[in-house]
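Since the structure comes first, as structure tokens, the remarks are kept for the end.
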Amino acid sequence: MINIIKSLNYTTRRSTLTALTIFSMIVLPILFSLLSSKFGGISFKEMTGDVYMTAVSGNMIIIFVIAILIFATMLVGSDAGDKTLNYELMNGHSRSQVFWARMITGYGWAVILVMFFFFLPFGYFSLINGWGLSVDKGEALLRLILLIFPVIRLCTLFMLLSSVSRSAGRGAAFSYLVMMIIVMAGSILDDGFHIDTRSIFATSDIAWVITYENSRNIVVNGQQVTRMDYATTSGEMVKTIVVSLAVSAVYLTIAYIVFKKKDRD
């Protein structure tokens, strides 16, 4: 299985799409932050870590969700139609090894790598301009850690669709279509019927994690500051973690059963 993972990593590193995706994850947050500074009445020196969190990261999350979609479908489905799977099976690898190698590598690229680049602007804006006073550091850190779990859930859905469709292209198309449907459904249920859809849709959970609940005015060192509330209860955290991992396990089980039973091309 290690050799399969090495092969997948080698192929992915040499892909032009990988380079473009990583370039986008680095450049677009900086570009959007500069545009926010120019047109949003925020000077670049005022772009602290907390300002990036409240004013920019929510608009940037879709870029990183697309990056998750690209890597998840690429790692699971890009070689499904070129007989690579057949060669791996004929070389003595079990179906379980072939399946889990792709899933593990998919999580590595689509979750660990993408989340690293998502967290990166928080780090360098904090180093350049400081963190700021409008968001509590502890609350922000908990939210960012919590974000990983619905991301895992969404990534697993994309990998399931790519595995079942046995194609990176079809998997990406189905994943994007499904994502658009659940975003619209979540918006209708939330706005029209006031139904909390966080447990139903990973996209709703992601949106909740990166959005502050409310704001209040406080005094810090004699200065009045508007504090954005990112506080979350232990019950909400447990709910997000448990639901995300449970749904991910269901997706993985379905994908594994289909992969084990279905004949290869």
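Along the sequence shown, residues are numbered consecutively beginning with 1.
Of all the heavy atoms in Met1 and Ala101, the pair that sits closest is CG-CB, 3.6 Å. Listed here is the closest heavy atom pair of Thr12 and Met74: CG2-SD, 3.9 Å. For the residue pair Ala168 and Ser162, the shortest heavy atom distance occurs at CA-OG, 4.0 Å. Closest non-hydrogen pair, Met60 versus Phe64, comes out as O-CD1, 3.2 Å.
In this structure Leu177 satisfies the side chain to side chain contact (heavy atoms under 4.5 Å, CB included) test together with Ile181, sequence neighbours excluded. Applying the side chain to side chain contact (heavy atoms under 4.5 Å, CB included) rule to Ile145 yields the partners Leu141; only residues at least two apart in sequence or on another chain are considered. In this view, Asp196 and Arg198, Lys239 satisfy the side chain to side chain contact (heavy atoms under 4.5 Å, CB included) rule, not counting sequence neighbours.
Residues Leu28 and Tyr52 share a hydrophobic cluster, clusters being chains of Ile/Leu/Val/Met/Phe/Trp/Tyr side chains in contact below 4.5 Å.
Ring planes of Phe99 and Tyr256: perpendicular class, angle over 60° (limits at 30 and 60°).
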Show me the donor-acceptor pairs, under 3.5 Å and distance only, between side chains in residues 248-255 and residues at least two apart or in other chains.
{"residue": "Ser248", "atom": "OG", "partner": "Ser244", "partner atom": "O", "Å": "2.7"}
{"residue": "Thr253", "atom": "OG1", "partner": "Ala249", "partner atom": "O", "Å": "2.7"}

For residues 110-135, tabulate all N or O donor-acceptor pairs below 3.5 Å that involve a side-chain atom, not counting sequence neighbours.
{"residue": "Ser126", "atom": "OG", "partner": "Phe122", "partner atom": "O", "Å": "2.6"}
{"residue": "Asn129", "atom": "ND2", "partner": "Phe44", "partner atom": "O", "Å": "2.9"}
{"residue": "Asn129", "atom": "ND2", "partner": "Met47", "partner atom": "O", "Å": "3.1"}
{"residue": "Trp131", "atom": "NE1", "partner": "Val135", "partner atom": "O", "Å": "2.8"}
{"residue": "Ser134", "atom": "OG", "partner": "Asp50", "partner atom": "OD2", "Å": "2.6"}

Dump the intermediate steps for side-chain contact (heavy atoms from CB on, under 4.5 Å) on Phe174 and Val164, then the final yes or no. CA-CA 10 Å; Phe174 290 149; Val164 171; over 6 Å; no
Set out, in order, the CA-CA distance, both residues' side-chain angles and the distance that settles salt bridge (charged side-chain N to carboxylate O under 4.0 Å, His left out) for Arg143 and Glu213, then state yes or no. CA-CA 12 Å; Arg143 287 288 183 119; Glu213 301 296 303; 3.6 Å; yes
Using the rule given for side-chain contact (heavy atoms from CB on, under 4.5 Å), can you reason through Trp208 versus Thr240, listing the C-alpha separation, both sets of side-chain angles and the distance that settles it, and then say yes or no? CA-CA 10 Å; Trp208 170 79; Thr240 291; 3.9 Å; yes
For Ile22 and Phe71, run side-chain contact (heavy atoms from CB on, under 4.5 Å): C-alpha distance rounded to whole Å, both residues' side-chain angles, the deciding distance at 0.1 Å, then the answer. CA-CA 10 Å; Ile22 292 176; Phe71 284 130; 4.3 Å; yes
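Applying the side-chain hydrogen bond (donor to acceptor under 3.5 Å, both in side chains) definition to pairs two or more places apart or across chains, those involving residues 171-191 are Ser187-Asp191.
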